[in-house]
Participant: 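The structure that follows is given in the form of structure tokens.
Bear in mind that the values here come from a model prediction, so they are computed numbers and not experimental data.
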Amino acid sequence: MKKFLALLLAATMALGLLVGCGAEKSETVTLKVWAPQEDQANDDCWLPQMLAKFEEAHPEYDITWDLGVCGEGDAGNTVKNDPAAAADVYLFANDQLGTLIQANALSKLGGSYLEQVKADVSATYVNTVTHTDGEVYGFPIAPNTWFMYYNKDVFTEDDVKSLDTMLEKGVVAFPMTTGWYAGSFFMGNGGTLFGEKGVDASAGIQFGGEAGNAAAQYMVDLVANPNFRNDADGLGNAGLKDGTVGAYFSGSWEYEGLKDALGDKLGAVALPTANVGGKAVQMMSFAGSKAVGVNPNAKNQKAAMDLAAFLASADSQLVRFELRNITPAATKLAETDAVKASIVAIAENNTMANTAVAQPSIPEMGNYWTPMQTFGEAVVAGSVNSDNIADQVEAMMESLNSTGL
């Protein structure tokens with residue numbers, strides 16, 4: 001009898017365990033997510049769609065969503081103001097990486113999350129979210145760079161390979177007075193920013209010497225060309241639309257308006273070469289990225305990491321591309337029919353791979369923008385000229401490498 005009762009008790013306990021397992025509830029979590037307004041304006045937008053799919057893919061979480069609007073370019077300032085109260089998962093531009101890490105607002109990736117990033121995107125993209133400690137701090141989902149738009153009625157596919165050839169045939173606008181663009185000729189002629197990988201603050205910015213003087217001379221000659229226009233206050237965009245400009249340099253954010261105005265006449269390509277110092281050198285833009293980051297202050301790190309990885313997946317990037325025409329970072333998507341049919345995606349991918357330098361994200365990079373803009377403004381104004389180039393480049397170098405940020 002005792003043996004029977006013992007067996008009955010054991011069976012009852014086992015049944016209780018089975019019932020308990022079957023009735024186990026999902027983990028209740030609240031996730032605060034920030035993204036651009038364009039990604040969440042209505043239920044058909046990218047973010048609501050992805051959050052619904054995430055819930056389906058992760059039944060282990062019972063999620064309450066707390067959504068907020070924050071553009072990638074604003075994340076650095078917004079999140080660092082109060083990291084503890086900021087979003088658990090948010091989108092950011094990689095040039096804010098150093099600032100966000102200093103504010104303890106970005107979690108480094110490891111394990112399967114790091115493996116996903118390295119498997120999904122190229123080394124160029126990985127470098128954009130790698131800090132000075134060698135650790136990776138975000139999931140890249142899109143490029144952040146600039147390239148060249150042109151009118152196919154003005155320039156041929158061969159013409160747009162050389163800026164000097166283009167200037168012989170039509171008007172070209174270039175934003176010489178904007179730091180993000182003006183360094184193109186220095187970088188193309190061998191100039192470096194903080195060492196080979198852009199993370200060595202002690203190496204400084206090296207835009208000087210004979211190579212730097214030659215780049216500056218090209219800029220002076222370019223401004224003097226009758227077919228050159230300094231692109232300020234939207235001149236390039238408006239000029240391409242009304243026919244007064246044949247080509248100008250910008251990014252994917254201006255594609256829709258240009259396509260509406262030019263239709264099939266609109267072309268987009270990676271950067272041309274320029275005849276600097278008597279040789280063809282490749283103009284270089286900055287290679288940056290838009291990425292998904294996780295806040296180390298998030299109460300549920302695993303759920304936040306899982307969501308960030310999901311939002312940055314190739315499938316998610318493809319949906320965002322289809323909805324907003326934002327070029328995906330995932331390598332395998334470059335071969336899909338939809339991406340191959342996009343002139344902007346092709347131009348951005350070619351630029352990231354062949355005509356761009358990884359934009360440094362260390363805090364010292366903050367001292368680049370004003371001196372570079374000031375130099376470009378001086379070139380346009382004529383105060384930098386053939387008679388004083390060496391002195392002006394040396395003065396620029398001192399400003400670029402000053403200790404103030």
Side-chain angles (χ1 to χ4, degrees), residues 27-36 39-40 46-55 57-58 60-121 125-142 144 288-317 320 328-330 361:
E27 180 182 1
T28 300
V29 298
T30 296
L31 287 176
K32 183 182 290 189
V33 185
W34 288 354
D39 285 321
Q40 55 179 309
W46 172 72
L47 185 61
Q49 286 193 42
M50 291 304 103
L51 297 185
K53 291 183 178 181
F54 180 77
E55 290 182 16
H58 289 272
E60 70 272 24
Y61 300 128
D62 180 11
I63 308 170
T64 297
W65 299 109
D66 181 0
L67 306 185
V69 174
C70 182
E72 296 104 328
D74 300 323
N77 288 329
T78 304
V79 174
K80 77 174 184 179
N81 285 338
D82 190 354
D88 302 315
V89 178
Y90 58 91
L91 275 64
F92 69 98
N94 84 292
D95 63 319
Q96 304 157 15
L97 190 78
T99 298
L100 290 166
I101 292 172
Q102 278 190 330
N104 189 35
L106 268 181
S107 297
K108 67 181 178 182
L109 308 188
S112 62
Y113 306 115
L114 180 59
E115 290 174 3
Q116 174 182 322
V117 171
K118 292 185 175 181
D120 284 356
V121 302
Y125 281 104
V126 176
N127 288 340
T128 67
V129 289
T130 300
H131 195 44
T132 54
D133 58 4
E135 303 287 353
V136 175
Y137 284 86
F139 299 82
I141 61 170
N144 186 25
S289 69
K290 303 291 181 65
V292 184
V294 174
N295 192 331
N297 299 286
K299 293 180 179 178
N300 192 315
Q301 277 289 297
K302 186 176 188 306
M305 278 288 182
D306 287 344
L307 175 60
F310 189 86
L311 293 177
S313 67
D315 289 343
S316 177
Q317 289 184 40
R320 197 170 188 233
S361 58

Participant: Quick check: does any side chain N or O of Asn295 sit under 3.5 Å from a backbone N or O of Pro83, one acting as donor and the other as acceptor?
Facilitator: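 Yes, the answer is positive, given that a donor and an acceptor are paired below the 3.5 Å cut-off.
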
Participant: Are Leu31 and Trp65 close enough that some pair of their side-chain heavy atoms sits under 4.5 Å apart?
Facilitator: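 Side chain of Leu31 against side chain of Trp65, heavy atoms only: contact under 4.5 Å found.
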
Participant: When you measure from the side chain of Gln317 to the backbone of Ala329, do you find a donor-acceptor pair of N or O atoms at a distance under 3.5 Å?
Facilitator: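 Checking the backbone N and O of Ala329 against the side chain of Gln317, a donor-acceptor pair under 3.5 Å is found.
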
Participant: Without hydrogens or angle criteria, can the side chains of Glu27 and Asn300 be said to hold a donor-acceptor pair below 3.5 Å?
Facilitator: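 There is such a pair (donor and acceptor under 3.5 Å, judged by atom type) between the side chains of Glu27 and Asn300.
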
Participant: With rounding to the nearest 0.5 angstrom, report the CG to NE2 distance, Leu100 to His131.
Facilitator: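 The NE2 atom of His131 is 10.5 Å from CG of Leu100, to the nearest 0.5 Å.
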
Participant: Under 3.5 Å, is there a donor-acceptor pair between the side chain of Glu72 and the main chain of Lys290?
Facilitator: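 No; judged by distance alone, with no hydrogens or angles, the pair does not exist.
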
Participant: Look only at the side chain of Gln96 and the backbone of Gly73, and say whether a donor-acceptor pair between them is shorter than 3.5 Å.
Facilitator: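 Checked: pair present.
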
Participant: Can you check whether Tyr90 reaches Val79 side chain to side chain, under 4.5 Å on heavy atoms?
Facilitator: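 Result yes, sub-4.5 Å side-chain heavy-atom pair found.
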
Participant: Do Trp34 and Thr78 make a side-chain contact, defined as non-hydrogen atoms from C-beta onward lying under 4.5 Å apart?
Facilitator: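 A side-chain contact exists here, since the closest heavy-atom pair is under 4.5 Å.
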
Participant: Which atoms form the tightest heavy-atom contact between Leu91 and Ala35, and what is the distance?
Facilitator: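 Minimum heavy-atom contact is CD1-CB, 4.4 Å.
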
Participant: Say whether, by atom type as modelled, one donor and one acceptor occur between the side chain of Lys299 and the main chain of Asp88 under 3.5 angstrom.
Facilitator: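 Checking the backbone N and O of Asp88 against the side chain of Lys299, no donor-acceptor pair under 3.5 Å is found.
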
Participant: If you measure only the distance, is there a donor-acceptor pair under 3.5 Å linking the side chains of Asp306 and Tyr61?
Facilitator: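 Yes, Tyr61 and Asp306 have a side-chain donor paired with an acceptor closer than 3.5 Å.
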
Participant: Show the nearest heavy-atom pair for residues Ala57 and Phe310, with the distance to one decimal.
Facilitator: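 Minimum heavy-atom contact is CB-CE1, 4.1 Å.
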
Participant: Would you indicate whether the side-chain heavy atoms of Leu67 and Leu51 approach each other to under 4.5 Å?
Facilitator: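 Yes - at least one pair of side-chain heavy atoms lies under 4.5 Å apart.
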
Participant: Out of curiosity, Leu307 CG to Met50 CE, how far, rounded to the nearest 0.5 Å?
Facilitator: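 The distance works out to 11.0 Å.
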
Participant: Within the side chain of Trp46, is there an N or O that forms a donor-acceptor pair under 3.5 Å with the backbone of Leu311?
Facilitator: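 Flag not set: sc Trp46 to bb Leu311 has no pair under 3.5 Å.
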
Participant: Measure the OG-CD distance between Ser316 and Gln49 for me, rounded to the nearest 0.5 Å.
Facilitator: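 Ser316 OG to Gln49 CD: 9.5 Å, rounded to 0.5 Å.
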
Participant: Is any side-chain heavy atom of Met305 closer than 4.5 Å to a side-chain heavy atom of Phe139?
Facilitator: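 With C-beta onward as the side chain, the pair touches.
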
Participant: Measure the CG-CD1 distance between Leu106 and Ile101 for me, rounded to the nearest 0.5 Å.
Facilitator: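 Going from the CG atom of Leu106 to the CD1 atom of Ile101 covers 6.0 Å.
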
Participant: Restricting to non-hydrogen atoms, name the atom on Ser361 and the atom on Leu97 that form the minimum distance, rounded to 0.1 Å.
Facilitator: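 So the minimum-distance heavy-atom pair works out to OG-CD2, 3.5 Å.
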
Participant: So how far is it from Asp74 CG to Phe92 CZ, rounded to the nearest 0.5 Å?
Facilitator: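 With rounding to 0.5 Å, CG (Asp74) is 14.0 Å from CZ (Phe92).
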
Participant: Can a donor-acceptor pair be found, under 3.5 Å and without considering hydrogens, that links the side chain of Asn94 to the backbone of Ser289?
Facilitator: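 At least one qualifying donor-acceptor pair exists.
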
Participant: Indicate the atoms forming the closest heavy-atom contact of Pro140 with Val117, along with that distance.
Facilitator: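 So the two residues come closest at CD-CG1, 3.9 Å.
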
Participant: What's the shortest heavy-atom distance between Asn104 and Pro296, and which atoms?
Facilitator: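 Nearest heavy atoms, Asn104 then Pro296: O-CG, 3.2 Å.
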
Participant: Which atom pair, heavy atoms only, marks the closest approach of Tyr125 to Thr128?
Facilitator: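 Reported closest heavy-atom pair: O-OG1, 2.5 Å.
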
Participant: What do the steps show when you test Tyr113 against Val294 for side chain to side chain contact (heavy atoms under 4.5 Å, CB included), and what is the final call?
Facilitator: CA-CA 11 Å; Tyr113 306 115; Val294 174; over 6 Å; no

Participant: So does Gly68 get a backbone contact from the side chain of Gln40, meaning a donor-acceptor N/O pair under 3.5 Å?
Facilitator: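 It does hold such a pair.
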
